[in-house]
Amino acid sequence: MASIALRLVLALWLAVTFAALAGMWRLWLERERVLYLGKSIEQQRETVLQRAGIPPELARQTAELKRRWPADVRYQAKGDANALSYVTYLLIPRIPAKDSAYVLRVKGKELTAAGGQTVQPVPADAQTAERATPKGLILSFAVLLGWAGLIRKIWRGRTTWPEALALACLFFTLLVLPTRFFFLSAQPAFGGAIILALVGWATLLANALLSIMQKKDKAAQPAVSVSRLERIFSGVLLFIIAAGMLWSFLMAVVVVPADWDAWAIWGSKAKVLALGSGPLEDVTRFGHADYPLLWPTVWAFSGWLSGGWEECWSKGWGAVFLLLCVWEMSIAVRARSGSRSAGLLAAALFVSVPNVPLIASWAYAETPIWLMMTCGLTCFLRWRSEEGRRADAVLAGLFAAAAAHTKNEGLLFALLFSLLLLSGRQRKDILFALLAFTLCYLPWFWWSRLHLNFEATGLLHHWDADGLRRAASRIVPATKAIFGMWKDVRQWNIVGAGICLALIGTLLRRRPDAALLLLPTGLLTGYFATILFNANEICWETGTTWIRLTVQTLPLFLVLLAAREVRSP
């Protein structure tokens, strides 16, 4: 009976998944393709501004201002904050400042600058043409892949390829930030990264040649027998994963940054790192000053390798991070269950959630934090297994630091992750893991606390009587808003409901590893508390953040629930 019920649920999931994929591709063909494909960068920007409720004329006026103002200008920005977010993004490497002889004001459709004169719209034939090119995306991936090869060599194959590439992004960030701080430019780090990548590629080629030679001397391993039904099922799962990720990639690269956070926060920080020269504080002159910089650093490197800055194809890194995340999920589940199909199923379940490929296309820092959290959990599970080693604990600590370098939510992940580590019995291993986290994250934490209003800890100031009463009064409307989102099959497929049922079943059966589920459930609880104490109106705050916060926990839930329990050492 249980087997029949499971097959019915699987059939329902496949039906909903293919319906969702059909709807997503229809959206691409009828909207994104029509609006943006084949259009110039300037035309795309005007469409983006119009859809965002910002006068599209500002894009043409800003293009003229870029020709009039020197590239090293620091200026005062005044007027409508929404419209200014896009204008200031376009003006980079020019940096907003509190005091300057240059003044920029936006009011309605009018942009005035310097002495107050109106900047006239620029004729289409006089505009400077900008071009989208995949060169930076390809080259930046090749460079970080070279780093990953070197990392795997140093760790003696202890890391998977997704883990090695994730570590490459972390170490690259730890190289770029102090370079910008001490030398007022990230470009020396970018050049040094290429040199180090050449060493990594030489290592990869040498290992490949050695592997070929060793295979000639070894007897062929017998092939693992796989049934025809399992091959068909694996093919269907691979199709779902490929269709979802391709859709996400096309949605990302077809257009300039089209979501507010993409241009006002992440894109602005990345563009400053790619083009600007000056103090590291320049990256904080835009939205959410204290947001960490791993994702902007990777985006900046991709743009820089394109010849200075490129904002379309570089956003394809979101789909790359998604690919690495689902790859790591499949590896983790396969290691726990011994089943390749189980690993592919977990990956396909994640990608089949319509919110996942959609969010991955936005150029937000969501996909890299999915990857860092998943890699951290995988290394932790490997460490607490019978084959676990100290190196796995150190890797877990590094990925906790990588998550904190990606988004401020990574701090909560690192805290909960530390509690999980402390539940282990290898005390020396735990010490090394915490040391790895501290060494990698402390410099950024110290600098951001010293120079910025650190929003991640600012909520602690509201833990007084009035703050607690206000938070308590927001529980009911926040809960209603959240469950209103969660019950929407168009956003969550039936995966969200399936996770809830599997979670309840795991707790009722009292599985030995059920305590591990405190990690994703603790994240959701912490995110909920953050929303309650946030200063913004509760429904607006929930509507703009909760979907993304929920998705952050899905890979963790799926890895822990999609396979049989892990034995503790």
Side-chain angles (χ1 to χ4, degrees), residues 21 24-49 51-52 59 86 89-90 92 129-145 165 169 241-271 273-275 294-327 351 354-368 370-371 548:
L21 286 173
M24 289 159 60
W25 279 98
R26 182 179 178 182
L27 175 68
W28 155 257
L29 291 170
E30 295 182 357
R31 193 183 74 179
E32 255 62 25
R33 183 182 64 86
V34 174
L35 285 174
Y36 303 119
L37 189 64
K39 304 288 181 66
S40 69
I41 297 295
E42 291 76 17
Q43 290 171 324
Q44 288 186 3
R45 284 188 181 139
E46 291 184 19
T47 302
V48 167
L49 290 179
R51 296 185 68 200
Y86 205 88
Y89 164 71
L90 293 180
I92 296 169
E130 295 185 57
R131 188 169 55 92
T133 170
K135 182 176 73 172
L137 175 63
I138 295 169
L139 290 177
S140 58
F141 181 78
V143 168
L144 290 174
L145 188 61
L165 278 160
C169 293
I241 294 169
M245 288 196 297
L246 178 60
W247 182 86
S248 181
F249 181 77
L250 292 176
M251 289 283 285
V253 304
V254 74
V255 64
V256 298
D259 296 278
W260 195 89
D261 284 20
W263 73 68
I265 302 175
W266 306 111
S268 292
K269 295 176 187 297
K271 196 173 181 181
L273 288 172
L275 297 178
L294 185 144
W295 165 229
T297 299
V298 174
W299 187 351
F301 187 47
S302 180
W304 181 77
L305 286 169
S306 296
W309 175 248
E310 197 279 330
E311 59 187 353
C312 293
W313 283 89
S314 294
K315 299 206 311 336
W317 264 103
V320 174
F321 282 123
L322 174 59
L323 170 62
L324 296 175
C325 180
V326 298
W327 187 1
V351 176
N355 278 326
V356 169
L358 178 64
I359 292 172
S361 72
W362 288 350
Y364 290 11
E366 301 303 317
T367 47
W370 301 345
L371 173 62
R548 292 185 287 112

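Nearest heavy atoms, Leu294 versus Pro368: CD2-CB, 4.3 Å. For Asp261 against Arg548, the heavy-atom pair with the smallest separation is OD2-NH2, 4.5 Å. Residues Lys315 and Val255 share a closest heavy-atom pair of NZ-O, 2.6 Å. Here the closest heavy-atom approach between residue Glu46 and residue Ala59 is recorded as CG-CB, 4.4 Å. Summarising the geometry of Ile92 relative to Ser268, their closest heavy-atom pair is CD1-O, 3.6 Å, with the distance given to 0.1 Å. The shortest heavy-atom contact between Val356 and Val351 is CG1-CA, 4.4 Å.
Under the side-chain hydrogen bond (donor to acceptor under 3.5 Å, both in side chains) criterion, Trp263 pairs with Ser85, sequence neighbours left out. Every side-chain contact (heavy atoms from CB on, under 4.5 Å) that Leu37 has, sequence neighbours left out, goes to Arg33, Val254. Partners of Ser140 under the side-chain hydrogen bond (donor to acceptor under 3.5 Å, both in side chains) rule, at least two apart in sequence or in another chain, are Trp317. Considering only residues two or more places apart in sequence or on other chains, Trp309 meets the ring pair (Phe, Tyr, Trp, His ring centres under 6.0 Å) condition with Trp299. For Thr297, the side-chain contact (heavy atoms from CB on, under 4.5 Å) test picks out Phe172, Thr173, Val176, Leu177, Leu273, Leu293, with sequence neighbours left out. Listed by chain and number, the residues in a salt bridge (charged side-chain N to carboxylate O under 4.0 Å, His left out) with Glu310 amount to none (sequence neighbours excluded). Listed by chain and number, the residues in a side-chain contact (heavy atoms from CB on, under 4.5 Å) with Leu90 are Arg45, Thr62, Tyr86 (sequence neighbours excluded). Contacts of Tyr36 classified as ring pair (Phe, Tyr, Trp, His ring centres under 6.0 Å), with partners at least two apart in sequence or in another chain: none. Under the rule for a side-chain hydrogen bond (donor to acceptor under 3.5 Å, both in side chains), Trp295 has no partner lying at least two apart in sequence or in another chain. For Ala262, the side-chain contact (heavy atoms from CB on, under 4.5 Å) partners two or more places apart in sequence, or in a different chain, are Pro257, Asp259, Ala363, Tyr364.
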For this session: Test Leu27 against Glu32 for side-chain contact (heavy atoms from CB on, under 4.5 Å), laying out the working first.
Result: CA-CA 7 Å; Leu27 175 68; Glu32 255 62 25; 4.2 Å; yes

Counting only pairs under 3.5 Å, give me each side-chain donor-acceptor contact of residues 241-252, with atom names and distances, residues two or more places apart or in other chains.
from, atom 1, to, atom 2, distance (Å)
Trp247, NE1, Met24, O, 2.6
Ser248, OG, Pro357, O, 2.9

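Between atom CZ of residue Arg51 and atom CZ of residue Arg31 there is a gap of 4.5 Å, rounded to the nearest 0.5 Å. Taking OG1 of Thr133 as the start and CG of Leu305 as the end, the distance is 11.0 Å to the nearest 0.5 Å.
Judged purely by atom type and a 3.5 angstrom limit, Ser302 has no side-chain atom pairing as donor or acceptor with the backbone of Val298. Side-chain atoms of Ser361 come within 3.5 Å of backbone N or O of Leu358 as a donor-acceptor pair.
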